[in-house]
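Below: the structure, in structure tokens.
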2 protein chains.
Amino acid sequence: MASLTIQEAAETTGWSPRMLRYIEASGLVTPARSASGYRLYGPAELQRLRTLGELLERFDLALSDVAFAARLADSDGLFEAVQEWFSAPASRPEDVSADDWLRFEQDKHERLLAVAGRRSNELELMENELMESR
Amino acid sequence: MASLTIQEAAETTGWSPRMLRYIEASGLVTPARSASGYRLYGPAELQRLRTLGELLERFDLALSDVAFAARLADSDGLFEAVQEWFSAPASRPEDVSADDWLRFEQDKHERLLAVAGRRSNELELMENELMESR
DNA sequence: GCAACCTTACCACGAAAGTGTCAAGGTTAG
DNA sequence: CTAACCTTGACACTTTCGTGGTAAGGTTGC
């Protein structure tokens with residue numbers, strides 16, 4: 001059905017064929033392949049490619065930013081670790097000395113590492129669940 | 001002794017003074033300032049600097065990745081736009097229905113919003129408070 | 001007042017991201 | 001069969017990131 005070759009996809013999306021391959025290597029838009037290995041861009045991929053351009057331009061993002069967002073969404077433990085880092089200094093009791101606070105954070109740090117190293121998280125479970133619900 | 005100068009902070013965190021300024025320019029760790037403009041690193045900043053190093057190493061991230069995560073958390077509209085892009089019908093397993101996918105993305109969205117909302121409230125205030133007691 | 005800090009503002013340099021182009025070879029449509 | 005595609009891989013170039021340095025000048029502690 002409706003699937004375009006890389007050159008046709010390039011023409012309708014505004015990206016160069018070279019960049020379409022680069023975007024694929026970045027894990028952002030992965031077209032299907034024909035039996036002989038040709039990239040086949042369907043409507044979904046074309047749509048994503050067009051909106052990707054707008055996204056980058058509107059917020060002045062780099063491709064690597066969006067690639068990182070993708071990692072954030074489905075890399076195991078990464079999201080939790082980043083989340084933990086942002087909220088790290090949040091819950092300090094006011095009546096402790098600076099030394100106590102330092103020790104407290106050190107402990108917290110170790111707890112964070114334990115979390116980051118944990119093998120599975122809810123996000124991944126949900127994804128696996130979804131994949132298996134065929 | 002609630003705060004260290006940049007050189008002292010560098011010694012206890014492992015970053016160079018140069019990098020501490022760079023990290024500040026990236027918006028990742030912003031120390032308070034003395035009346036004459038000196039950077040004052042408190043326990044909260046020191047802790048964030050230490051955990052930042054671990055975070056980068058553990059997940060092989062770049063500073064720009066974490067900086068982008070920060071933008072994602074507190075730049076209004078950015079998160080929604082990125083989220084929207086990922087939610088758009090794109091290359092995904094055909095056996096996942098669009099409804100399931102959307103519901104899944106919505107859940108992810110809420111998880112991320114939880115971080116975004118939690119960020120940048122009490123912590124900065126508390127840190128600045130701490131700084132002024134010098 | 002002097003040494004040892006601190007500030008900002010540059011210059012430089014390697015690594016990585018982003019992008020074009022070309023080469024060698026396989027695929028496809030007429 | 002041929003022309004016009006496609007593939008991967010490599011070289012090259014520009015821009016940005018990450019990092020160190022250095023210069024000119026302000027601050028601090030003794």
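Letters A, B, ... are given to chains in the order of the sequence lines, protein chains preceding strands, and every chain is numbered from 1.
- A salt bridge is defined here as a Lys NZ or Arg NE, NH1 or NH2 lying under 4.0 Å from an Asp or Glu carboxylate O, and R39(A) with E45(A) fails to meet this definition.
- Look at CE on M19(A): it is 7 Å from P on dG20(C), rounded to the nearest Å.
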Can you check nucleotides 6-9 of chain C for protein contacts, nitrogen or oxygen pairs under 3.5 Å, and list what you find?
residue: dC6(C); atom: OP1; partner: T5(B); partner atom: OG1; Å: 2.9
residue: dC6(C); atom: OP1; partner: Q7(B); partner atom: N; Å: 2.9
residue: dC6(C); atom: O4'; partner: Y38(B); partner atom: OH; Å: 3.4
residue: dT7(C); atom: OP1; partner: R39(B); partner atom: N; Å: 2.9
residue: dT7(C); atom: OP1; partner: R39(B); partner atom: NH1; Å: 2.8
residue: dT7(C); atom: OP2; partner: R21(B); partner atom: NH2; Å: 2.9
residue: dT7(C); atom: O5'; partner: R39(B); partner atom: NH1; Å: 3.3
residue: dT8(C); atom: OP1; partner: R33(B); partner atom: NH1; Å: 3.4
residue: dT8(C); atom: OP1; partner: R33(B); partner atom: NH2; Å: 3.2
residue: dT8(C); atom: OP2; partner: R39(B); partner atom: NH1; Å: 3.0
residue: dT8(C); atom: OP2; partner: R39(B); partner atom: NH2; Å: 2.7

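- If you find the closest nucleotide of DNA chain C to S26(A) and to A35(A), the one lying nearer the 5' end belongs to S26(A).
- Looking at heavy atoms from C-beta onward, D65(A) lies out of side-chain contact with F59(A) at the 4.5 angstrom threshold.
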Check your understanding: Going through the checks in order, is the side-chain contact (heavy atoms from CB on, under 4.5 Å) test met by Y22(B) and L63(B)?
Key -> CA-CA 10 Å; Y22(B) 183 76; L63(B) 278 176; 3.8 Å; yes
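- The side chain of Y22(A) contributes no N or O atom lying less than 4.0 Å from OP1 or OP2 of dT19(C).
- No side-chain N or O of T51(A) forms a donor-acceptor pair with one of Q47(A) less than 3.5 Å apart.
- The separation between I23(A) atom CD1 and dA17(C) atom C1' is 13 Å, rounded to whole Å.
- The nearest whole Å value for the distance from the CG atom in L20(A) to the P atom in dC6(D) is 10 Å.
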Kindly determine whether T13(B) and Y41(B) satisfy side-chain contact (heavy atoms from CB on, under 4.5 Å), including the steps that lead there. CA-CA 11 Å; T13(B) 62; Y41(B) 291 87; over 6 Å; no
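- Near DNA chain C, meaning a heavy atom under 4.0 Å from it, residues 58-70 of chain A has A62(A), L63(A), S64(A) in order of number.
- Salt bridge annotation for R58(A)-E84(B): absent, with no cationic side-chain nitrogen under 4.0 angstrom from a carboxylate oxygen.
- In this structure, the side-chain contact (heavy atoms from CB on, under 4.5 Å) partners of E11(B), at least two apart in sequence or on a different chain, are Q7(B).
- Annotation: side chain of F86(A) is in contact with side chain of R48(B) (closest heavy-atom distance under 4.5 Å).
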